[in-house]
Amino acid sequence: MFIVLLGPPGAGKGTQAQRIAAATKLLHVSTGDMFRENVKAETELGKLAKTYMDKGELVPDEVTIRMLLERISRPDAAQGAMFDGFPRNVVQAVALDQALAAKGARIDRALLISVRDEELFSRLGGRWICRSCGTLYHETNDPPKKPGVCDKDGGELYQRDDDRPEVVKSRLEKQKPPLDLIGHYRTAGVLSEINGEQSLDAVTAALLTVIEG
Ligand code: AP5
């Protein structure tokens, strides 16, 4: 099964993808995480991506699509994957459709997680991430047992550079799923919209109901 998770920055795509991957064993493919790994490793791709990420802008399609297609060409993506943060526009969606069609596959579900802007600001400002395992927390909504320390592996928690208020403002202006992208999946008959303002568990349950249905 191939699934795309759509939603504005901070909607809960990464959090829910981690939970769904744990429940279903589906491979979690996050273009944001791939870019951040490249930034950390100071690769050429990372240096280029950082110039866009720091401004709250999308990395150019050509670069992003090449990276994603390489990722899904690997054997662990043969049977299915859950895409988090990709596609962001119709150009990326069509590239993904074509790559899957070449394998005899297609997007089976497109899950749009909807959250209002006021809530997104508070979610991004309070987000903390484990440096070693990537587990996501929120300082009030989903806090770790001990501040600054990951419950799962004791790793140090950090805040993303692009969660600074001025970058969040730009991301929310420029990076919400565009209507034509939503229309692309609605026309394909695979779109479901989920209210992302429910509790973490309720959102997970709603997503799993659609996936398993
Ligand atoms: P990316 O990492 O994909 O960022 P994003 O789309 O902005 O999404 P986020 O990761 O910020 O939010 P999320 O929806 O995953 O929310 P989360 O689960 O963390 O991309 C980063 C950058 O890379 C982009 O700006 C761009 O430059 C580049 N990029 C990536 N993909 C690209 C592409 N395809 N094309 C071009 N450029 C690309 O949750 C947020 C917080 O809320 C957490 O603290 C969590 O605990 C909390 N929370 C979640 N759900 C709930 C809930 N139900 N109730 C209460 N709190 C909740």
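Everything numeric in this text was worked out from a predicted model, so none of it was measured. Whatever order the structure lists them in is the order used to number ligands and atoms, beginning at 1.
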Under 3.5 Å: N/O of Val59 near N/O of ligand 1 = yes
query = Who's closest to atom 31 (N) of ligand 1 heavy-atom-wise, of Val91, Leu5, Thr31, Asn89?
reply = Thr31
ask   = Against heavy atoms of Glu57, which atoms of ligand 1 measure under 4.0 Å?
value = 26 (C), 27 (O)
message = Checking Arg88 now: which residues fulfil side chain to side chain contact (heavy atoms under 4.5 Å, CB included) with it, not counting sequence neighbours?
response = Leu58, Gln92, Gln175
ask   = For Asp117, what residues pass the side chain to side chain contact (heavy atoms under 4.5 Å, CB included) criterion, not counting sequence neighbours?
value = Leu120, Lys176
inquiry  = Under a 3.5 Å distance rule, please check whether Asp33 uses its side chain to pair with a backbone N or O of Val29 as donor and acceptor.
reply    = no
Pro87 near ligand 1 by a heavy-atom separation under 4.0 Å = no
query = Numbering the atoms of ligand 1 from 1, which are under 4.0 Å from a heavy atom of Pro8?
reply = 14 (O)
key: Within-shell test, Leu124 vs ligand 1, heavy atom, strictly < 4.0 Å   = yes
request  = Give the single entry among Gln175, Lys174, Arg88, Gln16 that approaches atom 25 (O) of ligand 1 most closely by any heavy atom.
outcome  = Gln175
inquiry  = Checking the N or O distance criterion of under 3.5 Å, is ligand 1 in contact with Gly14?
reply    = yes
request  = Look only at interatomic distance and state if Gly10 has a nitrogen or oxygen under 3.5 Å from any nitrogen or oxygen of ligand 1.
outcome  = yes
inquiry  = Does Lys50 qualify as a cation-pi partner of Tyr52, given the criterion of NZ or CZ under 6.0 Å from the six-membered ring centre and within 45 degrees of its axis?
reply    = no
ask   = Between Thr64 and ligand 1, which part of the residue brings a heavy atom under 4.0 Å of the ligand: side chain, backbone, both or neither?
value = side chain
inquiry  = Contact between ligand 1 and Arg160 is defined here as a heavy atom of the residue under 4.0 Å from a ligand atom; is it met?
reply    = yes
message = For Lys47, is there an ion pair with Glu44 - N to carboxylate O distance below 4.0 angstrom?
response = yes
ask   = Any idea which atoms of ligand 1 are less than 4.0 Å away from a heavy-atom of Ala11?
value = 14 (O), 16 (O)
inquiry  = Evaluate Asp84 for polar contact with ligand 1, using N/O atom pairs at a separation under 3.5 Å.
reply    = no
request  = Give the numbers and elements of all ligand 1 atoms closer than 4.0 Å to a heavy atom of Asn141.
outcome  = 55 (C), 56 (N)
query = Does Arg36 have a heavy atom less than 4.0 Å from any atom of ligand 1?
reply = yes
ask   = Between Tyr137 and ligand 1, which residue portion shows a heavy-atom distance shorter than 4.0 Å: side chain, backbone, both, or neither?
value = backbone
request  = May I ask whether Gly7 has any heavy atom positioned less than 4.0 angstrom from an atom of ligand 1?
outcome  = no
ask   = Would you say Gln198 contacts ligand 1, with heavy atoms under 4.0 Å as the rule?
value = yes
Where ligand 1 meets Leu136 - atom numbers and elements under 4.0 angstrom, heavy-atom basis = 18 (O), 19 (O)
ask   = Which ligand 1 atoms does Gly85 reach within 4.0 Å, using its non-hydrogen atoms?
value = 31 (N), 32 (C), 33 (C), 34 (N)
ask   = If you measure every N/O of Lys13 against every N/O of ligand 1, is any gap under 3.5 Å?
value = yes
inquiry  = Tell me whether Gln159 contacts the main-chain N or O of Gly125 through its side chain, where contact means a donor paired with an acceptor under 3.5 Å.
reply    = yes
